[in-house]
Trainee: 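I am attaching a structure below and will ask some questions about it afterwards.
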Amino acid sequence: MPNEITVTVNGTEYTDTVEARQLLSDYLRETLGLTGTHLGCDTSSCGACTVLVDGQSAKSCTLLAVQANGHSVTTIEGLATDGELHPVQAAFREEHGLQCGFCTPGMMISVAQLLDRNPNPTETEIREGIGGNLCRCTGYHNIVKAAQTAARSI
Amino acid sequence: MVTNNFEYFAPESFDEAAQLLAKYRDTAKILAGGQSLLPIMKLRLAAPEVLIDLSHVPELSEISSNGDGLTIGSMATYYELSQSAVVQKAAPAIAEAAGQVADVQVRNRGTIGGSLSHSDPAGDMPAVFLALNGAAVARTRRGTREIASDRFFVDLLTTALRPTEIMTQIKIPVATGKTGSAYSKFENKASHYAIAGVAAQVTLGSDGTVTAARVAVTGVSSKSTRAKRTERILIGKEPTASVIRRASDRAAAELQDDLTEDIHASGEYRSYLATVIAERAITAAVERAR
C-alpha cells in the first residue's frame with residue numbers, strides 16, 4: 001500500500017512514496033542512499049541504526065518510514081556542520097572510540113543525545129546512555145572516554 | 001526483516017481513530033510507540049492487516065494531577081514519564097519504572113498505553129499499574145469506561161480491552177496519608193526486560209503499622225500479578241526488616257503453577273528472584289512512606 005511521506009533528513013526535505021511496511025532504516029539507506037546508518041541486529045537490540053527523530057534518539061529499524069512523515073531526522077551524515085566534525089565525532093577520533101566501526105554511527109548519535117540532555121554526565125550515566133548500543137568489539141572503554149572528552153569540549 | 005503488508009492510517013482525531021477501529025476491528029492493531037508491536041510484526045508473530053497510528057491524535061500525551069489523582073495520556077512516552085515532575089510527585093514508582101524500561105531509544109518512543117495494552121509478561125508498567133491500583137480509560141465512538149487494573153490483565157498478551165476500544169488515559173488514584181511506592185527489577189542485560197520485577201505501594205498508619213499494601217510481580221509468569229499473600233502478611237504489622245523479609249518470601253507463592261521458563265532463567269530461579277526483588281521494592285516503598 002503506497003503512502004506519500006515528507007521527511008526532513010539532515011536539513012533537506014524529501015517527498016517520497018513508500019510502502020507502509022518500509023522501515024525508516026531501509027528508507028534512509030536504500031531510498032536516500034544514506035548508508036551511514038547501519039543495520040545490525042534488525043531486532044531493536046544493538047542500536048547500530050540509531051538516528052535522531054525531532055532530536056530524540058530512536059532505533060530506525062523499529063520505526064516505519066511513514067511514522068517519520070512530517071518529522072525531522074538526523075543521521076550520522078548530519079552531525080558534522082560545514083565540514084567541521086561534531087564534537088562527539090572529534091572526540092571519538094581523538095580517543096580512538098572505535099575498533100571495527102560498525103556500531104560507531106549509532107554510538108555517536110546516542111552520545112550526542114546524552115550530552116544534549118546531560119552536558120556533564122558521570123561515567124555511570126554515560127554507560128547508561130549507551131545502554132541501547134552494543135559494541136561487539138567490546139571497545140566500551142574508549143567509547144566512554146570519548147564521551148567524557150566530548151562533554152568537556154562542548 | 002520486513003513485516004507483512006498492511007494498510008496504514010494516521011488519523012488526526014480520536015473519533016477518526018475510533019471509526020477506523022470500529023470498521024477494521026480484529027484485523028487492525030493500534031500503533032502507539034511501536035516498540036513492542038513492530039518487533040513482533042517483523043518476526044511475523046503478528047500480521048495485522050491495518051495499523052492505526054495514534055501519534056497524530058492530539059491530547060493523548062497529556063499528564064496532569066488534581067485532588068483525585070494522576071491522569072496520564074496513553075501516548076505519554078517512558079522518557080516523558082521519567083522526567084515529569086508531576087509524575088515524580090504523585091506516583092514516583094511510575095517515574096522510577098519508566099526510567100528503567102529498555103534503553104534510551106526505546107524510552108523515547110515507547111508509551112505507557114502501548115505497554116499496558118500489549119501486556120508483555122515481562123513488562124515493567126503492568127506491575128506498577130497494578131501496585132498503584134490504577135484504572136485504564138477505554139473509549140469507543142459511543143462511550144467511555146474505566147477498567148480497574150485488577151481486571152485488566154487477562155492472560156498472556158491479553159487484556160480486558162475490547163476490539164473496538166482504544167485506551168486513552170491511565171488514572172492513578174491519589175495516595176492518601178503516609179504512602180510510598182517503588183519499583184525494582186532484575187533485568188536481562190541484553191534486552192533489559194525484567195527477569196523478575198516487583199512494584200510495591202505501602203501506606204502506614206499513625207502508629208507506624210501498614211494499613212494498606214499492594215505488591216505486583218512481573219517477568220515471573222504469563223502476566224503481571226498481585227502477590228496477595230505478601231500483601232496480607234504486611235497489613236496490620238509494623239514493617240520491620242524481618243516482616244518485610246517474611247512477606248517477600250511469598251512474592252511468587254501464587255505463581256507456582258504458571259512460572260515462566262526460558263533460556264534466561266528457570267521457573268525456580270525466577271521464583272527466588274521475585275522474593276529478593278520484592279524485599280528491595282517493599283523496603284524502598286516503606287522508606288518513602290515514612
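Because the structure is predicted, anything quoted here is derived from the model rather than measured. Note on naming: letters A, B, ... go to the chains in the order of the sequence lines (proteins, then strands), and numbering restarts at 1 for each one.
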Trainee: Could you check whether any side-chain heavy atom of B:R109 comes within less than 4.5 Å of a side-chain heavy atom of A:V53, counting everything from C-beta outward?
Mentor: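 They are in side-chain contact.
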
Trainee: Quick check: do B:V104 and A:N133 have side-chain heavy atoms less than 4.5 Å from each other?
Mentor: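 Result no, sub-4.5 Å side-chain heavy-atom pair not found.
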
Trainee: With the side chain counted from C-beta on, respond yes when A:N3 and B:E7 share a heavy-atom pair under 4.5 Å apart, and no when they do not.
Mentor: no

Trainee: Do you know which of A:C61, A:G47, A:S45 has the most heavy-atom pairs under 4.5 Å to chain B?
Mentor: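 Maximum pair count with chain B is reached by A:C61.
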
Trainee: Which bit of A:I130 comes within less than 4.5 Å of chain B, counting heavy atoms only: side chain, backbone, both or neither?
Mentor: neither

Trainee: Taking side chain as everything from C-beta outward and backbone as N, CA, C, O, which of these in A:T62 sits under 4.5 Å from a heavy atom of chain B? Side chain, backbone, both or neither.
Mentor: both

Trainee: Examine whether an atom of A:I109 lies under 4.5 Å from a heavy atom of chain B, and if so say whether it belongs to the side chain, the backbone or both; otherwise answer neither.
Mentor: neither

Trainee: For the residue pair A:T43 and B:K42, establish whether any side-chain heavy-atom pair is separated by less than 4.5 Å.
Mentor: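 Answer no - side chains too far apart.
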
Trainee: So, A:R21 versus B:N4: side-chain donor-acceptor pair below 3.5 Å or not?
Mentor: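 Result is no, nothing qualifies.
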
Trainee: For the candidates B:L38, B:D53, B:L43, B:V106, which exhibits the highest count of non-hydrogen atom pairs separated by less than 4.5 Å from chain A?
Mentor: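 Most heavy-atom pairs within the cutoff with chain A belong to B:L38.
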
Trainee: Who passes side-chain contact (heavy atoms from CB on, under 4.5 Å) against A:Q56, sequence neighbours left out?
Mentor: A:Q113, A:R117, B:Y79, B:N108

Trainee: Can you check whether A:L64 reaches B:L31 side chain to side chain, under 4.5 Å on heavy atoms?
Mentor: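 Yes, close enough: below the 4.5 Å cut-off.
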
Trainee: Would you confirm whether B:H192, through its side chain, and A:G132, through its main-chain N or O, come within 3.5 Å as a donor-acceptor pair?
Mentor: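 Answer holds: no.
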
Trainee: Where on B:L51 is there a heavy atom nearer than 4.5 Å to chain A: the side chain, the backbone, both, or neither?
Mentor: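 Interface part for B:L51: side chain.
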
Trainee: Just checking, any donor-acceptor pair under 3.5 angstrom between side chains of A:S57 and B:Q105?
Mentor: no

Trainee: Once salt bridge (Lys or Arg N to Asp or Glu O under 4.0 Å) is applied, do any residues pair with B:R270, and if so which ones, sequence neighbours excluded?
Mentor: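 By the salt bridge (Lys or Arg N to Asp or Glu O under 4.0 Å) rule, B:R270 matches B:D262.
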
Trainee: Do the non-hydrogen side-chain atoms of A:N69 and B:Y8 ever get within less than 4.5 Å of each other?
Mentor: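 Sidechains of B:Y8 and A:N69: no contact.
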
Trainee: Heavy-atom cut-off 4.5 Å, strictly under: side chain, backbone, both or neither for B:S55 against chain A?
Mentor: neither

